[in-house]
Amino acid sequence: MANKITPRAQDYSLWYNDLVKEAGLAEHSSVKGCMVIKPYGFAIWEKMQAELDHRFKETGHQNAYFPLFIPKSFLSKEAAHIEGFAKECAVVTHYRLKSDGKGGVIVDPDAKLEEELIVRPTSETIIWNTYKNWIQSYRDLPLLINQWANVVRWEMRTRLFLRTTEFLWQEGHTAHATSDEAVAETRQMLDIYADFAENFMAMPVVKGTKTANERFAGAIDTLCIEAMMQDGKALQAGTSHFLGQNFAKAFDVKFSDKSGNLEYVWATSWGVSTRLIGALIMAHSDDDGLVLPPSLAPIQVIIVPIYKQMEELQKISDAANVLMKELKAQGISVKYDDDDTKKPGWKFAESELKGIPLRIAIGPRDLENGTAEVVMRDTKSKQVVSFSELHKEVPKLLKQIQDGIYLKALKKREENTYYPNNWDEFSEIMKGEGGFAWAHWDGTAETELKIKELTKATIRCIPFDRKEEKGQCILTGKPSEGRVIFAKAY
RNA sequence: CGGGGCAUGGCGCAGUCCGGUAGCGCACCUGGUUUGGGACCAGGGGGCCGCAGGUUCGAAUCCUGCUGCCCCGACCA
């Protein structure tokens, strides 16, 4: 089999790039740092969107859309926020081009904007500027809005899906009458992300709180879900922020409570991005191609006919059509690949590359025996199933794959999770394959930065479910109340 | 912002050192044989060699300048 994909063991990072390209998920555009998301990759994103959007609506959120451009002055209203984003903003300074007289165009110096516009790196400022007009009374609260949008962050170093200059995401922005309610919203949305990651992406995650160093610019508290990739590195898969009254104060958003007192509102924001596609790839895929969870696979089942004469193909097609009808009736997406210009072997390899969970081959032997060959993408296991059982067997096998890849990822994470008690143990872990190191930390930003400098590992989160446990910081030996998760991260 | 690499048919590359009719694989088109793990034969179409100058009888190749993208590091979701 001609493999176009670099094996993981040889070069993990090259494997990832090859996979994204060869599976047809995305490619580099001619714009530096920006990608073209191709139809197959976008189909996965659409499935993610559909599921998340459904969950947002179920919890009372509505979609809206805010401008791509943000007046420069808005960004500077919240001090921590501008501090965090200033270094990576694209700025629009002019609104017109003109001919350079040599067949090209130049920026027209006479068309300078009075106030420069920032291409949104996130939308808190424009949204809170708007919320000021939407919120007067406690009756206007809570305000629960989400938007699906693109944002731009001018990163120095980019990678397809994981970090691109422009990316797609959703950002929720909510306003509440009380702190407690906003805190509960922050946690609710994180739980939705975690549930989505585990049950749809089949990717186990740890829920926790970010340290001050890793916190969102302008937040009081940042919650996150962290997943472990196959190379042992951590990837932040979603964040949910409790913003306190920071943006309400910056944009003067007040409401009158029941007793007529004017109060600042309490805010949250939360988001996941196309980065999730990168996470999905690195969580499950192998050297032959993508491995997709059935719940996110654009095509869940592919049927490949094997035939010599056209009459044979006709008989197989008749059988395949019956099966397709039965599967589609159960909401299963199925493709019948009767393209005569490709051989079965080519189709097999291609379906593996694309991560199609189940492949059903029907040939002359099967017609005779009333069977089909069913192959599971994750384990490559083959079995012969009687034709009359297929419509019952397929959903079972899809479920089995969904559960199987989750458990495999969980096992991988457990095997690469350590509990070092001193610096030697800790640094040894970070020198090797990596993984999650649950370790004691003295709680200071200085220590965290020092550890990062020494090992490149950062604190991914302070996990919600950690035990109360007295210990000593692995670097300074100072007292600690519980372990935090260190890892090298994407 | 440093370090490296690349730019030649749709894609991947050779050719550049040593200047002399632009080539290979894949893909594509036509016909035939094939089809249970990336088929084969025959024929065919397609290229401002990244851009701009220069040297030369002659430049993909030598010289000068520019541009773009990718990879590796420091910042970040």
Side-chain angles (χ1 to χ4, degrees), chain A residues 1-5 11 13-14 16-18 21-22 24 27-35 83-89 102 104 121-122 151-171 193 210 213-217 222 224-227 234-241 269-279 288-289 304-310 312-313 316 337-353 359-369 371-373 375 380 382 384 452-453 456 458 460 489-490:
Chain A
M1 200 196 297
N3 216 333
K4 300 174 246 177
I5 299 172
D11 186 335
S13 154
L14 202 53
Y16 175 83
N17 288 343
D18 287 349
K21 206 185 327 167
E22 297 300 332
E27 62 189 35
H28 292 286
S29 68
S30 25
V31 184
K32 183 180 169 64
C34 293
M35 64 177 167
E83 170 85 16
F85 284 106
K87 298 187 297 285
E88 48 190 31
C89 285
K102 291 179 282 188
T122 179
V151 286
V152 166
R153 294 180 188 177
W154 214 267
E155 303 288 353
M156 286 164 184
R157 185 128 155 60
T158 59
R159 294 201 63 189
L160 292 170
F161 289 117
L162 299 175
R163 183 172 299 107
T164 46
T165 301
E166 179 191 16
F167 59 95
L168 305 184
W169 76 347
Q170 60 69 214
E171 46 181 324
Y193 289 154
K210 285 292 188 192
N213 277 334
E214 302 275 332
R215 196 179 290 150
F216 175 76
T222 288
C224 63
I225 52 172
E226 294 284 329
L235 187 142
Q236 178 177 307
T239 50
S240 186
H241 314 292
S269 69
W270 28 274
V272 296
S273 73
T274 37
R275 182 177 228 213
L276 286 181
I277 296 175
D288 293 326
V304 178
I306 296 156
Y307 57 95
K308 288 191 168 62
Q309 290 82 33
M310 280 304 171
E312 217 160 47
L313 175 63
I316 293 167
D337 191 356
D338 62 349
D339 180 352
D340 190 45
T341 66
K342 302 277 194 294
K343 288 191 65 178
W346 192 91
K347 295 175 186 176
F348 293 170
E350 190 68 9
S351 72
E352 277 161 14
L353 186 56
R359 184 178 81 231
I360 300 177
I362 307 173
R365 287 208 300 269
D366 296 304
L367 282 183
E368 249 174 65
N369 305 331
T371 58
E373 181 193 70
V375 182
K380 310 255 171 53
K382 292 184 182 177
V384 176
K452 182 180 179 185
E453 196 186 309
K456 292 190 176 164
T458 49
R460 301 324 303 151
Y490 277 99

Whole-Å gap separating C1' (B:rU34) and NZ (A:K342): 15 Å
For the C1' atoms, the ones on B:rU35 and on B:rC40, what distance do you get once it is rounded to whole angstrom? 12 Å
With rounding to whole Å, what would you report as the distance between B:rG31 and B:rC24 at their C1' atoms? 24 Å
Does A:K456 make a side-chain N or O approach to OP1 or OP2 of B:rA74 shorter than 4.0 Å? yes
Counterpart base for B:rG2, defined by Watson-Crick or G-U wobble contacts under 3.5 Å: B:rC72
Integer-rounded Å distance: B:rA77 P and A:E88 CD: 7 Å
Rounding to an integer number of angstrom, what distance separates B:rA27 and B:rG38 when you compare their P atoms? 14 Å
To the nearest Å, how far apart are A:H28 NE2 and B:rC69 P? 11 Å
Assign A:R159 to base, sugar-phosphate, or nothing according to its heavy-atom contacts below 4.0 angstrom with the strands shown. nothing
Looking for any heavy atom pair under 4.0 Å, which part of the strands does A:G289 touch: base, sugar-phosphate only, or nothing? nothing
With both distances kept under 3.5 Å, what pairs with B:rG36, Watson-Crick or G-U wobble? none
Can you tell me the base-pairing partner of B:rG10? Count Watson-Crick or G-U wobble geometry only, both distances below 3.5 Å, and say none if there is no partner. B:rC26
A:K380 atom NZ: more than 12 heavy-atom contacts under 6.0 Å: yes
Could you let me know what B:rC48 is paired to, Watson-Crick or G-U wobble, both distances under 3.5 Å, or none if it's on its own? none
Between the side chain of A:R275 and the main-chain N/O of A:F161, is any donor-acceptor distance below 3.5 Å? no
Give me the distance, rounded to whole Å, that separates B:rC18 from B:rC62 when you measure between the C1' atoms they each carry. 11 Å
For B:rU16, give the paired nucleotide (Watson-Crick: N1-N3 plus N6-O4 or O6-N4; G-U: N1-O2 and O6-N3; both under 3.5 Å), or none. none
With rounding to the closest Å, how many angstrom separate the P atoms on B:rG25 and B:rG45? 15 Å
Out of B:rA77, B:rG73, B:rU35, minimum distance to the side chain of A:R157 belongs to B:rG73
